[in-house]
There are 2 protein chains.
Amino acid sequence: MPARQVPDIVIGRLPVYLRMLTHLMAENKLVVSSKELGQRLNISAAQIRKDLSYFGGFGKQGAGYNVASLHAELSRILKVEEIRSVVLIGVGDLGRALAHYGGFANEGFQVTTLLDNDPNKIGTQIGHLTVEDVRELEPIIRERGIQIAVITTPAHAAQGIADACIRAGVRAILNYAPITLQVPEHVRVQYTDPVMHLQRMTYYL
Amino acid sequence: MPARQVPDIVIGRLPVYLRMLTHLMAENKLVVSSKELGQRLNISAAQIRKDLSYFGGFGKQGAGYNVASLHAELSRILKVEEIRSVVLIGVGDLGRALAHYGGFANEGFQVTTLLDNDPNKIGTQIGHLTVEDVRELEPIIRERGIQIAVITTPAHAAQGIADACIRAGVRAILNYAPITLQVPEHVRVQYTDPVMHLQRMTYYL
DNA sequence: TAGATTGTTAATCGATTAACAATC
DNA sequence: TAGATTGTTAATCGATTAACAATC
């Protein structure tokens with residue numbers, strides 16, 4: 001429960017801070033200053049202090065921040081202390097790669113459900129999961145109470161899948177399909193598209 | 001050659017406009033207004049007009065924008081008319097998925113080089129490419145004049161790979177490894193990490 | 001204590017929006 | 001022509017930075 005309205009752009013930096021704190025813990029670093037954090041993340045020290053101050057005073061003057069306790073605070077703020085179920089729709093190469101991805105463990109997420117529309121894929125095993133029929137999407141998501149969906153279908157299918165997910169109760173979508181989704185206000189969407197990222201850089205070449 | 005300094009945040013929206021224009025061309029739509037574009041992309045019409053005005057006046061009062069010619073203008077501005085070679089380092093599940101990805105064609109990019117450090121992978125075929133030895137990274141990138149790298153290695157290897165790429169002449173990096181890279185000013189980096197995206201949304205759940 | 005660093009305020013900087021004359 | 005929509009300016013809004021008292 002934030003004390004005041006926190007800008008979304010601030011929320012977007014918290015996972016970056018959290019990731020660096022995880023890294024510092026692995027290095028057995030006990031304390032870190034906003035200055036050092038900033039240098040490692042290419043963010044100004046003032047911005048880091050300001051971002052954190054939306055949620056409280058976590059540091060100690062003259063010393064900096066305790067790495068472990070700031071890590072715990074950010075985990076709490078981002079609500080990634082408990083594991084959340086994720087449904088992944090579209091078991092192509094990318095979907096398969098994400099299903100295998102080891103980086104979700106310990107970061108608050110677990111892919112628990114794989115869906116596809118291809119009869120040749122439905123029923124097959126990927127890791128320890130069985131691919132299920134996308135026609136069962138709504139009841140499956142509802143029954144399992146899943147709030148997060150990852151869409152790795154072709155572009156033409158993505159909007160329909162998103163609509164169905166939302167009807168079933170999904171409130172956060174990570175969309176890998178190269179299309180802008182139309183969603184109601186209460187649903188969050190994040191996009192990731194390698195072409196967008198690359199095109200954004202070639203301008204400067 | 002932009003007329004004046006264009007904010008990076010504006011450059012970041014141009015690929016989104018371009019993608020929608022590609023979509024509209026496939027729908028055989030000849031003309032589109034900033035209002036309609038905005039509705040489809042969840043961006044205000046004023047912002048679209050302002051963004052485009054950094055580069056010139058591409059529209060027609062009372063009518064809107066010619067879809068095909070705005071598409072051509074944006075392709076030119078983003079320099080994605082010619083195909084650019086991309087090196088991909090780290091042929092794990094994700095690297096393999098990107099190597100197979102069909103979405104680069106027609107969008108200005110082609111993965112031409114695959115590198116890995118695993119002797120079991122070096123020499124194998126992926127699609128029509130052969131995985132090469134990452135120890136040859138610098139000469140390969142130099143000889144082939146590659147300016148764009150996609151890093152899909154584990155986090156601990158990513159900074160070293162980035163350094164080597166930059167020494168060899170790379171100026172744009174798309175980094176899938178979950179780590180913030182330190183790079184000189186003349187090098188652009190884009191990040192994509194599913195954990196970051198998901199954590200950014202769970203705050204709102 | 002002296003040095004370092006926080007948390008916060010005010011100033012600056014930059015991005016978005018609203019409005020409208022120009023004009024197709 | 002009348003209606004629609006652009007390109008642009010000025011106003012608004014929001015984010016970042018600089019500065020520093022507080023204090024560990």
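In what follows, chains are A, B, ... by sequence order, proteins preceding strands, each numbered from 1. Since the model is a prediction, treat every value here as computed from it, not as a measurement.
Among C:dT8, C:dA18, C:dT16, the nucleotide with an atom closest to any side-chain atom of B:Ala46 is C:dA18. The side chain of A:Ser33 approaches C:dT5 more closely than any other nucleotide in the set C:dC24, D:dA15, C:dT5. In this structure, the nucleotide among D:dG7, D:dA22, C:dC24 sitting nearest to the side chain of B:Lys60 is C:dC24. Looking at the side chain of B:Arg49, the nearest of the listed nucleotides C:dA15, C:dT6, C:dC20 is C:dC20. Side-chain proximity of B:Ser53 to C:dT8, D:dT5, D:dG7: nearest is D:dG7. Checking D:dG7, C:dT6, D:dA10 against the side-chain heavy atoms of B:Tyr65 singles out D:dG7 as nearest.
In this model, a donor atom of one side chain and an acceptor atom of the other lie less than 3.5 Å apart for A:Asp163 and A:Gln159. For the residue pair B:Arg144/B:Thr113, the side-chain donor-acceptor check at 3.5 Å is satisfied.
Residues B:Ile89 and B:Leu137 form a side-chain contact, since some pair of their non-hydrogen atoms from C-beta on lies under 4.5 Å apart. Under the 4.5 Å side-chain criterion, counting only non-hydrogen atoms from C-beta, B:Leu181 is not in contact with B:Val187.
In this structure, A:Ile48 atom CD1 and C:dT8 atom P are separated by 16 Å, rounded to whole Å. As rounded to whole Å, 16 Å separates atom P of D:dT6 from atom NZ of B:Lys50. Remark: P of C:dA4 and NZ of A:Lys35 are 9 Å apart, rounded to the nearest angstrom. Atom P of nucleotide C:dT6 and atom CZ of A:Phe58 are separated by 14 Å, given to the nearest angstrom. As rounded to whole Å, 15 Å separates atom C1' of C:dC13 from atom CD of B:Gln5. Atom CG in B:Asp51 sits roughly 13 Å away from atom P in D:dT8 (whole-Å rounding). One can place CG of A:Leu52 at 13 Å from C1' of C:dT8, the figure rounded to the nearest angstrom. Taking atom CD on A:Gln61 and atom P on C:dT1, their separation rounds to 16 Å, with Å as the unit.
Note on B:Gln47: a side-chain N or O is less than 4.0 Å away from OP1 or OP2 of C:dT16. Between D:dT6 and B:Ser34, a contact under 4.0 Å exists linking OP1 or OP2 to a side-chain N or O. Between A:Ser44 and D:dT17 there is a side-chain polar atom (N or O) within less than 4.0 angstrom of OP1 or OP2.
Base pairing of D:dA10: its partner is C:dT17, meeting the Watson-Crick or G-U wobble criterion (both donor-acceptor distances under 3.5 Å). Judged by Watson-Crick or G-U wobble contacts below 3.5 Å, the nucleotide D:dA22 has C:dT5 as its partner.
By the neighbour-count criterion of 12 heavy atoms within 6.0 Å, atom NZ of A:Lys79 is densely surrounded, having more than that number from other residues, nucleotides or ligands.
When each of B:Ala63 and A:Ala63 is assigned the nucleotide of DNA chain D bearing its nearest heavy atom, the one mapping closer to the 5' terminus is B:Ala63.
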